[in-house]
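Please read these numbers as outputs of a predicted model, since none were measured by experiment. Residue numbers start at 1 and run along the sequence shown.
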Amino acid sequence: MVKKSDQPPPLSFSNISKVLIHLENAGFKVSKTKIYRDCEKGMIRVNADGSVLESEVRAYASNLKRAAGDIGDLSDLQSRKTQKEIEKLNEQIAKAKFERKKLEGKYIPRVDFESELAARAAVFDSGFRHIFQARGRDLISLVGGKSDLIGDFLAELNNILNEQLTTYANVKTYHVLFTDEE
């Protein structure tokens with residue numbers, strides 16, 4: 001009984017044309033004539049079935065001039081696969097961290113944020129309208145219809161504005177009812 005090896009079979013290119021395309025894509029200066037001539041000289045060992053091992057291509061590429069790229073461009077498929085798996089794992093980790101922060105309340109869905117913002121704006125608007133109604137007489141009596149007291153009037157309006165901004169910026173929970181007008 002023949003025992004199968006735990007090692008994967010060596011990576012190879014199906015024919016010399018695939019090697020040529022790969023080298024050109026990796027940025028090496030090589031022509032079809034040159035690569036076939038180098039095969040005849042034994043600089044690249046071609047298997048009986050016409051395939052070429054990746055290790056042979058690496059050795060051959062180390063003697064070529066580069067237009068761009070480097071020998072690292074010829075990295076084996078396993079290292080590329082491992083790199084992609086690492087990228088995938090990094091994405092999964094980032095997603096898990098985000099989900100955890102979301103559960104901790106550090107992030108909220110955009111719809112909830114917009115609803116919260118709209119609710120706060122409604123409270124802000126409602127607060128101003130209420131203050132104007134409730135304190136309107138006090139504000140009018142403050143100046144007694146005299147334009148020379150405009151400074152006191154504006155100071156009081158600024159105090160009211162500061163109170164409302166403080167209320168608006170507060171993190172209290174407000175109950176706001178949205179109704180559909182249809």
Side-chain angles (χ1 to χ4, degrees), residues 1-124 165 168-182:
M1 182 171 159
V2 178
K3 183 177 177 183
K4 290 188 177 180
S5 172
D6 291 336
Q7 300 256 344
L11 300 172
S12 64
F13 296 89
S14 59
N15 57 45
I16 201 71
S17 296
K18 302 279 186 192
V19 172
L20 176 63
I21 292 168
H22 184 75
L23 289 172
E24 287 173 342
N25 288 341
F28 289 94
K29 291 182 180 180
V30 63
S31 67
K32 187 175 181 180
T33 308
K34 177 175 176 30
I35 199 165
Y36 279 101
R37 193 175 331 122
D38 290 343
C39 284
E40 289 173 8
K41 290 179 184 176
M43 294 176 72
I44 301 177
R45 212 171 344 155
V46 179
N47 296 330
D49 64 354
S51 65
V52 180
L53 291 177
E54 191 229 1
S55 58
E56 288 290 322
V57 175
R58 282 179 159 274
Y60 178 70
S62 65
N63 296 320
L64 294 176
K65 291 182 181 176
R66 289 173 272 182
D70 60 21
I71 195 100
D73 293 337
L74 294 174
S75 59
D76 63 338
L77 295 177
Q78 185 61 40
S79 69
R80 285 186 232 165
K81 180 181 175 186
T82 303
Q83 183 62 33
K84 294 294 180 186
E85 288 173 353
I86 290 169
E87 289 173 14
K88 182 180 176 184
L89 286 173
N90 287 339
E91 287 292 322
Q92 289 174 342
I93 290 168
K95 183 178 180 183
K97 284 180 180 179
F98 175 73
E99 291 297 325
R100 187 186 72 240
K101 287 181 180 181
K102 209 164 78 170
L103 289 174
E104 292 171 352
K106 293 182 180 178
Y107 293 102
I108 60 172
R110 183 178 200 95
V111 171
D112 293 347
F113 170 75
E114 290 171 350
S115 295
E116 175 75 18
L117 199 57
R120 286 178 178 247
V123 169
F124 192 60
L165 287 173
Y168 180 71
N170 198 339
V171 291
K172 290 182 186 174
T173 303
Y174 298 101
H175 297 283
V176 179
L177 180 62
F178 292 99
T179 58
D180 194 5
E181 294 189 19
E182 290 180 2

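- Scored by the side-chain hydrogen bond (donor to acceptor under 3.5 Å, both in side chains) test, S14 finds no partners at all (sequence neighbours excluded).
- Looking at every heavy atom in both residues, A59 comes nearest to S62 through O-OG, 2.6 Å.
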Discussion item. Run the side chain to side chain contact (heavy atoms under 4.5 Å, CB included) test on Q92 and L89 for me, step by step, so that the C-alpha distance in whole Å, both residues' side-chain angles and the decisive distance to 0.1 Å come before the verdict.
Written reply: CA-CA 5 Å; Q92 289 174 342; L89 286 173; 3.5 Å; yes

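- Within 6.0 Å of atom CZ in F98, more than 12 heavy atoms from other residues, nucleotides or ligands are found, so the atom counts as buried in its surroundings.
- Legend: salt bridge (charged side-chain N to carboxylate O under 4.0 Å, His left out) pairs involving residues 106-115, not counting sequence neighbours, sorted by first then second residue: E104-K106, R110-E114.
- Of the possible polar contacts, none joining the N47 side chain to the D49 backbone as a donor-acceptor pair under 3.5 Å is found.
- Judged as a ring-ring contact (aromatic ring centres under 6.0 Å, His included), not a single pair has a partner in residues 30-60 (not counting sequence neighbours).
- For the pair V19/L23, a side-chain contact is recorded, criterion being any heavy-atom separation below 4.5 Å from C-beta on.
- Contacts of K102 classified as salt bridge (charged side-chain N to carboxylate O under 4.0 Å, His left out), with partners at least two apart in sequence or in another chain: E99.
- For the side chain to side chain contact (heavy atoms under 4.5 Å, CB included) test, residues two or more places apart in sequence or in another chain that qualify with K84 are E87.
- A side chain to side chain contact (heavy atoms under 4.5 Å, CB included) with I44 is found for one member of V57, I35, L53 and no other, namely I35.
- L20 CG to I16 CD1: the interatomic distance, rounded to the nearest 0.5 Å, is 8.0 Å.
- In this structure K41 satisfies the side chain to side chain contact (heavy atoms under 4.5 Å, CB included) test together with R37, D38, M43, sequence neighbours excluded.
- Side-chain contact between K34 and L64 is present, with at least one heavy-atom pair separated by less than 4.5 Å.
- Taking every heavy atom of both residues into account, V52 and E56 meet most closely at CG1-CB, 4.0 Å.
- Distance check, rounded to the nearest 0.5 Å: CD1 of I21 to CG of N15 gives 8.0 Å.
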